[in-house]
> 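Okay, handing you the structure first.
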Amino acid sequence: MSIDKFKATLKKKEMKATPQRLAVHREMMELVHASADMVYERLKDKDGISLASVYNILTDLCEAGIYRPLKSSTNKLFYDICTEPHIHLYDYQNHNFVDVSDEEVLDLVSSHFKGRRFRGYRIDGYDVQIMVHATRKIH
């Protein structure tokens, strides 16, 4: 999501486009999937933003539906800038997420759960995550 679209989305959600939010989003546009620590490491020297502020901004953006939270196998929270249904390959050894486009799988999942009911729950969406490990050294 471009900076201009991000600003418009913030405005729709009645959130201010603060310099800190814009800085976090710029880093997330490059990283795509990242933990708060990863974003903070990239911002700490150039924007003077605290780790707590990065966590708060990412949490607020998830709660507003602008980003999506992802959990690693170690329960570390990562953030995803894409909120549309898609598939993640999750490298559980290196804790990396990679987006994969496979409309056939997404259609199968969507049609399988369409109209399904689970007592006491409502389906809000789905997340397909495939666990993988690298077969060659990643730089």
Side-chain angles (χ1 to χ4, degrees):
M1 171 185 321
S2 71
I3 288 292
D4 289 336
K5 188 172 179 185
F6 180 68
K7 286 178 182 179
T9 302
L10 288 174
K11 188 173 184 175
K12 267 193 234 174
K13 302 282 185 175
E14 298 180 355
M15 298 170 76
K16 291 182 180 177
T18 64
Q20 293 86 0
R21 282 187 179 136
L22 297 176
V24 166
H25 185 67
R26 279 188 192 94
E27 295 305 324
M28 286 298 296
M29 285 190 316
E30 288 186 30
L31 294 166
V32 182
H33 307 99
S35 67
D37 296 330
M38 293 166 70
V39 174
Y40 172 71
E41 282 302 313
R42 293 174 64 129
L43 288 174
K44 69 180 182 182
D45 294 331
K46 57 183 170 185
D47 288 299
I49 191 169
S50 72
L51 180 58
S53 292
V54 171
Y55 272 104
N56 291 337
I57 289 167
L58 291 169
T59 299
D60 290 346
L61 294 175
C62 282
E63 288 175 359
I66 298 169
Y67 290 173
R68 280 183 15 179
L70 301 169
K71 282 249 177 133
S72 73
S73 60
T74 60
N75 283 327
K76 185 170 188 155
L77 199 55
F78 284 73
Y79 301 89
D80 187 355
I81 62 173
C82 180
T83 59
E84 299 298 317
H86 62 285
I87 299 169
H88 288 112
L89 294 182
Y90 172 61
D91 179 345
Y92 59 90
Q93 292 174 332
N94 296 298
H95 308 291
N96 294 329
F97 292 88
V98 176
D99 289 343
V100 175
S101 186
D102 190 326
E103 292 302 315
E104 185 178 355
V105 170
L106 293 175
D107 288 345
L108 284 169
V109 171
S110 179
S111 65
H112 180 77
F113 287 105
K114 187 175 185 176
R116 262 229 170 132
R117 297 189 186 278
F118 297 97
R119 177 174 269 164
Y121 296 95
R122 184 184 81 216
I123 297 174
D124 293 327
Y126 53 87
D127 186 27
V128 178
Q129 184 167 293
I130 301 168
M131 306 293 282
V132 299
H133 69 275
T135 57
R136 58 186 160 81
K137 190 170 181 146
I138 296 176
H139 303 285

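What you see is a predicted model; the values in this text were computed from it and never measured. Keep in mind that the numbers below use all heavy atoms, side chains included, and drop hydrogens, waters and symmetry copies.
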> Let me check something: do Val32 and Val98 share a hydrophobic cluster, defined by ILVMFWY side-chain heavy atoms less than 4.5 Å apart, either directly or through other members?
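No: no chain of side-chain contacts under 4.5 Å links Val32 to Val98.
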
> Rounded to the nearest 0.5 Å, what separation is found between the CD1 atom of Ile87 and the CG atom of Leu106?
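Result: 4.5 Å between the selected atoms.
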
> As an exercise, state the distance from CD of Gln20 to CG of Leu43, rounded to the nearest 0.5 Å.
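Going from CD on Gln20 over to CG on Leu43, the span is 10.0 Å.
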
> Please step through side chain to side chain contact (heavy atoms under 4.5 Å, CB included) for the pair Arg42 and Leu31, ending with a clear verdict.
CA-CA 10 Å; Arg42 293 174 64 129; Leu31 294 166; 3.1 Å; yes

> May I ask whether Met131 and Leu89 are part of the same hydrophobic cluster, defined by side-chain heavy atoms of I, L, V, M, F, W, Y residues being less than 4.5 angstrom apart, directly or through others?
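No, because Met131 and Leu89 fall into different hydrophobic clusters, even though each may have its own neighbours under 4.5 Å.
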
> Any donor and acceptor pair, going by atom type alone, linking the side chain of Asp91 with main-chain N or O of Gln93 inside 3.5 Å?
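Judged by distance alone, yes, a pair lies under 3.5 Å.
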
> Just distance, no hydrogens or angles: give the donor-acceptor pairs under 3.5 Å from side chains in residues 4-14, sequence neighbours left out.
unit_1: Thr9; atom_1: OG1; unit_2: Lys5; atom_2: O; d: 2.9
unit_1: Lys13; atom_1: NZ; unit_2: Ala64; atom_2: O; d: 2.9

> Which residues pass the side chain to side chain donor-acceptor pair (under 3.5 Å) test with Ser50, not counting sequence neighbours?
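Checked Ser50 against side chain to side chain donor-acceptor pair (under 3.5 Å); matches are Ser53.
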
> For Thr18, check side chain to side chain donor-acceptor pair (under 3.5 Å) against everything at least two apart and list the hits.
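Thr18 satisfies side chain to side chain donor-acceptor pair (under 3.5 Å) with no other residue.
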
> Treating Ile, Leu, Val, Met, Phe, Trp and Tyr as nodes and any side-chain heavy-atom pair under 4.5 angstrom as an edge, say whether Val39 and Phe97 lie in one connected cluster.
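Each belongs to a different hydrophobic cluster.
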
> Rounded to the nearest 0.5 Å, how far apart are CE of Met15 and CG of Leu61?
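If we round to the nearest 0.5 Å, Met15:CE and Leu61:CG are 5.0 Å apart.
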
> Can Leu58 be reached from Met38 by stepping across I, L, V, M, F, W or Y side chains whose heavy atoms are under 4.5 Å apart?
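Met38 and Leu58: separate clusters.
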
> Honestly curious: do Val100 and Ile130 fall in one hydrophobic cluster under the side-chain, below-4.5 Å linking rule?
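Yes: a chain of side-chain contacts under 4.5 Å links Val100 to Ile130.
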
> Nearest 0.5 Å, please: how far is OG in Ser2 from CE in Met29?
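Reported value, rounded in 0.5 Å steps: 7.5 Å.
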
> Identify, with sequence neighbours excluded, every residue that meets side chain to side chain donor-acceptor pair (under 3.5 Å) alongside Glu41.
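Lys44.
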
> Per the salt bridge (Lys or Arg N to Asp or Glu O under 4.0 Å) rule, what does the pair list look like for residues 103-122, sequence neighbours excluded?
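Only Arg122-Asp124 qualify under salt bridge (Lys or Arg N to Asp or Glu O under 4.0 Å).
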
> For Tyr121, does the OH atom have more than 12 heavy-atom neighbours from other residues, nucleotides or ligands under 6.0 Å away?
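Atom OH in Tyr121 is not crowded, with 12 or fewer foreign heavy atoms closer than 6.0 Å.
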
> Side-chain contact test, heavy atoms from C-beta onward, threshold under 4.5 Å: evaluate it for Ile49 versus Val24 and give yes or no.
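Result yes, sub-4.5 Å side-chain heavy-atom pair found.
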
> Give the table of side-chain donor-acceptor pairs shorter than 3.5 Å for residues 67-81, with sequence neighbours excluded, one pair per line with atom names and distance.
unit_1: Tyr67; atom_1: OH; unit_2: His25; atom_2: ND1; d: 2.6
unit_1: Arg68; atom_1: NH2; unit_2: Asp127; atom_2: OD1; d: 2.7
unit_1: Ser72; atom_1: OG; unit_2: Thr74; atom_2: N; d: 3.2
unit_1: Ser72; atom_1: OG; unit_2: Thr74; atom_2: OG1; d: 2.9
unit_1: Ser72; atom_1: OG; unit_2: Lys76; atom_2: N; d: 3.0
unit_1: Ser72; atom_1: OG; unit_2: Lys76; atom_2: O; d: 3.4
unit_1: Ser73; atom_1: OG; unit_2: Tyr90; atom_2: OH; d: 3.4
unit_1: Lys76; atom_1: NZ; unit_2: Asp37; atom_2: OD2; d: 3.0
unit_1: Asp80; atom_1: OD1; unit_2: Cys82; atom_2: N; d: 3.0
unit_1: Asp80; atom_1: OD2; unit_2: His86; atom_2: NE2; d: 2.9
unit_1: Asp80; atom_1: OD2; unit_2: His88; atom_2: NE2; d: 2.8

